[in-house]
Each structure stands twice: as C-alpha cells, then as structure tokens.
Amino acid sequence: MTVENKGPLPGSGTNRVPLSRQRRAVLQYLRGQAAPVTASALAQVCALHVNTVREHLDALVDDGLAVRERSNPSGRGRPAFRYRARPPQESPAREYAGLAAVLAAQIARSSADPRRDALAAGEDWGHLLTAGQTPTADPREARTRLLDLLEEIGFAPEADADVRRVLLRRCPFLETAREHPGVICGVHEGLTRAGLAALGVAPQQVELLPFAEPDACRLNLGMTGQTDGEDAAERPTSAGTPGAHR
C-alpha cells in the first residue's frame, strides 16, 4: 500500500526526552538568530543569566540540537564559543531513516497483524520517552506536553487554542510512511497514545489521520466522555483510548 497525497514535509527526530520549558525557549531564541552567537549575546536576548544560558546551550549541543564553534581569533585571549541551532536535516537521527524503512518493510511482510505490532512498538517508544515524568491532572497541560514531545521528535506540530486539533507539518520518516503507512503511522499513533497516557492522569482519545491535509497529517486529541473542567480527582487513571489509525 502506498500514499499519493503530498502530506507533511520530511522531518527528523530523536528519541530524547522533551526539553524543559526554559531550555526549549533558549532553543527557539537560538533558531531565531541570523548567525552564530555567543552565550553572552544570547543571554541578553533571552533575559537570562549568562551561566544559565550557557548551561542550556551545552545541553542542546549534547542533544544534537545545537552546534558549538570557536570564533575567529581577534586580539588577545582565547576566542569565545559561538552557538548556532542545528538544522533538522543535520540531525544525527537522520541516519536511522534507512533502518526504519527496513524494519517497516519486514513488519509489513512477515507480521500476521502489522498494525497491531506497529502500535505495540510505538507504545514501547512512548513509554521510553516519557519514563520518569510526573503526570499532570490538567488534561490540557498533558496535551501541551505531548506536543512538546512531538516537536522534539520532529513532527513540527501546530495546535488550536485548546490543543485538541493538531496539524503535524513534518514527519521524521516520511518516505517510509508513504510506502508503509500502516506500519510507520501505526508506530506514531502508538507513541502518541502511550505518551499522552503517561503525561496525564485522565484518559484521552487519540485520533491520528495520515495525510489528512494537503500538507500535514491531522491529530485529534480530547477527553473520553468528559471535559477539561471536570474534577480530576473523579477521573479514572487508565490508558488512552485507541483512535483511528495513522
């Protein structure tokens, strides 16, 4: 089975845990710079202490999201480090695209139920990415944290105000998803289910529609028979309800 719709743009991703809100903000500021900048210059833009910014920058370099390089020598003293955001196509995780294609083809060819196995693999991935995180009683916050996770993986999500209707503008494994949508998109749905279940105490629906838009896949998120305003203490703590396949 293949997909003809254009769908999202190619993207890249990693299996890192989501960034903290402050570190994510530093990364966004860094991405907005026209040229590599020093930690001091970025600290002024971010309105943070330079040591705090330097700590975040070093962590972003370790995660493969930023690059550290020496400035050109100028006068006495050691040249300062400058930092730039790493473009998605430079991500080391891009090297795994070929492996994903091979594994997807193997599952599609040999599994008795490719979608079931893909969902299970995605759920395992979601559990790994959210390990050690504290769930929130606020369902909207859980959805927001899920979006942070999806962005770090490389989906470039865009959500409405309630974080219920989400457009996934990029796909880390787009070409393989076109060829084996039941497998790759199943993995992504399983990841989304498990991630949302781990980040929130209340069950929420997940509906992942592949290539539903001319330039994106669509992800629908929401409560199961409840609204965000209800008392969290009355909500059951069970896994997310399955939705449509991606």
Side-chain angles (χ1 to χ4, degrees), residues 1-9 11 13 18 104 107-108 113-127 129-130 135-174 176-230 232 235-246:
M1 176 183 178
T2 59
V3 174
E4 296 181 358
N5 187 23
K6 181 180 178 181
L9 292 171
I107 292 176
D113 190 338
R115 173 167 165 75
R116 180 196 63 195
D117 291 344
L119 286 170
E123 288 171 358
D124 287 345
W125 189 14
H127 292 147
L129 295 180
T130 55
T136 176
D138 183 345
R140 186 181 185 281
E141 181 182 345
R143 297 194 296 271
T144 300
R145 290 171 62 185
L146 174 68
L147 255 62
D148 290 341
L149 173 62
L150 293 176
E151 177 157 344
E152 291 308 317
I153 295 172
F155 285 100
E158 293 181 4
D160 61 7
D162 293 327
V163 197
R164 290 187 181 276
R165 186 177 185 276
V166 183
L167 296 180
L168 304 178
R169 298 292 188 183
R170 290 184 178 272
C171 177
F173 305 108
L174 180 60
T176 306
R178 290 183 184 279
E179 187 173 358
H180 302 290
V183 176
I184 294 297
C185 300
V187 169
H188 293 162
E189 181 184 341
L191 161 67
T192 304
R193 288 189 198 175
L196 190 58
L199 295 171
V201 300
Q204 301 197 55
Q205 291 178 331
V206 172
E207 184 184 38
L208 189 48
L209 305 176
F211 305 95
E213 306 287 339
D215 58 353
C217 296
R218 188 165 67 244
L219 177 64
N220 296 323
L221 304 173
M223 297 298 298
T224 303
Q226 293 175 310
T227 63
D228 290 358
E230 292 186 80
R235 300 169 184 151
T237 55
S238 59
T241 301
H245 74 278
R246 179 181 175 196

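Looking at L219 and L209, their side chains never come closer than 4.5 Å, going by heavy atoms from C-beta outward. L146 has its side chain within reach of L221: a pair of non-hydrogen atoms, C-beta onward, lies under 4.5 Å apart. For the pair P139 and Q204, the minimum side-chain heavy-atom distance is below 4.5 Å.
A donor-acceptor pair under 3.5 Å is formed between the side chain of R143 and the backbone N or O of D162. Without hydrogens or angle criteria, R170 side chain to A156 main chain gives no donor-acceptor distance under 3.5 Å. A distance-only check finds no donor-acceptor pair linking the side chain of E123 to the backbone of R193 [under 3.5 Å].
Taking all atoms of both residues into account, the shortest heavy-atom contact from C171 to A177 is SG-CB, 4.3 Å. Across L208 and C185, no two heavy atoms sit closer than the pair CD2-O, 4.2 Å. Shortest non-hydrogen contact noted between C217 and P210 is SG-CA, 3.8 Å. Across G186 and R115, no two heavy atoms sit closer than the pair CA-NH1, 4.2 Å. Taking each heavy atom of L199 and A142 in turn, the nearest pair found is O-CB, 3.8 Å. Nearest approach of P157 to V166, heavy atoms of both residues: CB-CG1, 3.7 Å.
Between H188 and F155, the ring planes lie perpendicular to each other; the angle is over 60°, past the 30° to 60° tilted range.
Residues that satisfy the side chain to side chain contact (heavy atoms under 4.5 Å, CB included) test with R165, not counting sequence neighbours, are D160, L167, E213, R218, N220. Among residues two or more places apart in sequence or in another chain, the side chain to side chain contact (heavy atoms under 4.5 Å, CB included) test is passed with E141 by T136, D138, R145.
Rounded to the nearest 0.5 Å, atoms CD1 (I153) and CG (L129) are 5.0 Å apart. Atoms CG and OG1, on L191 and T130 in that order, are 8.5 Å from each other to the nearest 0.5 Å. Between the OG1 atom in T144 and the CG atom in L149 there is a gap of 12.5 Å [rounded to 0.5 Å]. Atoms CD and CG, from E158 and L147 in turn, are 10.0 Å apart once rounded to the nearest 0.5 Å.
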